[in-house]
Engineer: 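My questions all concern the structure below.
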Amino acid sequence: MVVLDIVRRDLTRFARNPVATALMFAIPLSMSGIFALVFGASGEDQPAITIRVLLHDEDDTLLSRMIQGSGSDPEMDERLELVTVGEEGYQMMEEGEASALLHIPRGFTDDFLAGRQVDLEVVKNPAQRFLPQVVEEGVSIGAVVLSQSSRVFRSELAQIQELRTQDEFPADSLIGALSVGINQKLRGLETYLLPPIVDLETVTLTAEGEEDEGGFNILSYFLPGFSIFGILFFAQAATRDVLRERESGLLRHLLTAPVSVGQYLVGKCLSTVVVTTLGFAVLIVVGIAAGVAWGTPPAVAALVLTSSSAAAGAMLLIMSLVGSQRQGDALTTIVIIVWCMVGGAFVPLSQMPGFLLPISRATPTYWAIDGFVTLVQNGGGLNDIALNVLILGIAGLVMLGAGSFVLRRRILSGAV
């Protein structure tokens with residue numbers, strides 16, 4: 001059959017040029033691998049980032065030791081290393097031995113209890129950008145808490161400062177009155193502090209049917225989007241042949257044989273869809289080998305087929321409108337990059353700004369990536385991606401039909 005012969009010829013040509021074919025696979029796989037290495041390897045516990053902070057405590061009182069103890073929470077042990085130093089701490093900072101140095105000045109406790117302004121000094125390591133900023137923000141939050149506490153409990157703190165100056169134990173009545181005052185003010189704050197309006201809930205993502213043993217596979221975030229990016233280039237390479245065959249004169253020879261324009265176009269459409277689908281299937285298999293749980297086989301197969309059809313239709317329609325292979329390569333590359341940028345291949349759909357979503361939804365990449373997010377990250381099934389499959393299928397058929405119609409008219413008129 002002529003149509004199948006055209007498909008077989010195109011597949012054979014890809015098989016005879018393994019280097020170029022491998023390079024097309026290398027684009028999505030290498031980008032996914034780079035992102036996975038940057039943001040953390042899949043399924044393995046990563047070493048926690050430790051923030052090393054030098055503490056220069058010249059006050060050395062109960063309050064300053066309480067500040068020092070606030071960094072020794074068991075949950076912070078693996079993330080914060082607090083090292084007590086003296087004047088040598090500044091030299092250590094110049095040598096880059098810590099992310100930041102916190103200096104508590106002499107008289108800090110006395111000034112705090114008396115309501116006088118006091119400064120906490122944070123020296124940041126200029127060789128680091130992120131970790132010193134974390135320390136600065138943390139100290140700023142602590143300073144705000146201490147400042148507001150000083151305002152709320154001003155009279156009680158003044159009494160504590162007065163008691164500290166006495167050489168004898170305070171009377172029980174003074175301690176009792178002080179406790180009552182603090183308790184009454186705490187009760188007055190209960191309406192504003194309890195229960196908290198905003199709470200933090202930690203959720204560990206796991207693929208459907210898997211136990212949470214090593215965390216969510218980071219490749220599951222990147223590989224679907226980059227796979228869509230890759231199959232668009234597969235479709236570009238497959239549809240490029242129409243213009244190449246026209247420029248080389250092969251199309252004219254084919255049409256002098258017992259091959260009609262309709263058969264040639266049907267064969268080219270089917271060839272493009274098959275090449276794109278097979279390329280996507282290889283990426284799926286590589287993802288499975290890397291630990292990515294794509295979802296249920298029927299849902300994955302439906303989404304792969306319709307996504308490949310939409311990619312093939314889009315590239316065929318664009319190629320039918322240009323006059324040369326060079327123009328087609330330039331235009332399709334621009335379209336691929338733009339679609340992937342606004343469609344969620346490079347930036348997660350959840351991070352897309354609201355004003356960009358209507359534009360994003362107008363691209364087939366959005367519906368393909370949204371479908372794979374539903375399957376891979378949310379554990380959805382075929383029913384959950386029915387709308388994605390429907391839109392991609394219709395878009396693929398419409399664009400394949402439109403591209404074939406334009407190409408047929410141009411071939412018959414001699415423009416192609």
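This structure is a prediction, so every number in the text was calculated from the model and none was measured.
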Engineer: Using only heavy-atom distances, determine whether the side chains of Asp59 and Thr109 contain a donor-acceptor pair under 3.5 Å.
Structural biologist: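 Yes, a side-chain donor-acceptor pair sits under 3.5 Å.
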Engineer: Does the plane of the ring in Phe346 sit parallel, tilted or perpendicular to the ring in Phe226? Use 30° and 60° as the thresholds.
Structural biologist: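 Tilted: the ring planes of Phe346 and Phe226 meet at 30° to 60°.
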Engineer: Does Arg408 have any side chain to side chain contact (heavy atoms under 4.5 Å, CB included) partners at least two apart in sequence or in another chain, and if so, which?
Structural biologist: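 Checked Arg408 against side chain to side chain contact (heavy atoms under 4.5 Å, CB included); matches are Val261, Leu265, Leu412.
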Engineer: Restricting to pairs with a member in residues 368-382, which pass salt bridge (charged side-chain N to carboxylate O under 4.0 Å, His left out), not counting sequence neighbours?
Structural biologist: none
Engineer: Give the ring-plane orientation class for Phe233 versus Phe229, where under 30° counts as parallel, over 60° as perpendicular and anything between as tilted.
Structural biologist: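 Rings of Phe233 and Phe229: perpendicular, over 60°.
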Engineer: Does anything in residues 340-354 form a salt bridge (charged side-chain N to carboxylate O under 4.0 Å, His left out)? List the pairs, not counting sequence neighbours.
Structural biologist: none
Engineer: Could you note down all residue pairs passing salt bridge (charged side-chain N to carboxylate O under 4.0 Å, His left out) where residues 310-321 supplies at least one of them, sequence neighbours left out?
Structural biologist: none
Engineer: What residue pairs, at least two apart or across chains, pass salt bridge (charged side-chain N to carboxylate O under 4.0 Å, His left out) with a residue in residues 326-342?
Structural biologist: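 Residue pairs with at least one partner in residues 326-342: Arg240-Asp329.
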Engineer: Apply ring pair (Phe, Tyr, Trp, His ring centres under 6.0 Å) to His103 and list each qualifying residue two or more places apart in sequence or on a separate chain.
Structural biologist: His56
Engineer: Give the C-alpha distance, both sets of side-chain angles, the deciding distance and a yes or no for side-chain contact (heavy atoms from CB on, under 4.5 Å) between Met92 and Arg52.
Structural biologist: CA-CA 12 Å; Met92 295 171 65; Arg52 194 166 192 254; 4.2 Å; yes
Engineer: Suppose the criterion is ring-ring contact (aromatic ring centres under 6.0 Å, His included): which pairs have a residue in residues 301-322, not counting sequence neighbours?
Structural biologist: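 Found none.
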Engineer: Could you give the side-chain donor-acceptor pairs of residues 273-281 under 3.5 Å, partners two or more places apart or in another chain?
Structural biologist:
unit_1, atom_1, unit_2, atom_2, d
Thr276, OG1, Thr272, O, 2.7
Thr277, OG1, Val273, O, 2.7

Engineer: Mind checking side chain to side chain contact (heavy atoms under 4.5 Å, CB included) for Leu321 and listing every partner two or more places apart, or none if nothing turns up?
Structural biologist: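 Listed in chain order: Val406.
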Engineer: Applying side chain to side chain contact (heavy atoms under 4.5 Å, CB included), can you list everything that pairs with Leu357, at least two apart in sequence or on another chain?
Structural biologist: Met352, Arg361
Engineer: Please enumerate all residues that pass ring pair (Phe, Tyr, Trp, His ring centres under 6.0 Å) together with Trp367, with sequence neighbours excluded.
Structural biologist: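 If we apply the ring pair (Phe, Tyr, Trp, His ring centres under 6.0 Å) test to Trp367, skipping adjacent residues, there are no hits.
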Engineer: With sequence neighbours left out, write down each residue that passes side chain to side chain contact (heavy atoms under 4.5 Å, CB included) with Ala299, or none if nothing qualifies.
Structural biologist: Thr296, Leu375, Leu382, Ile385
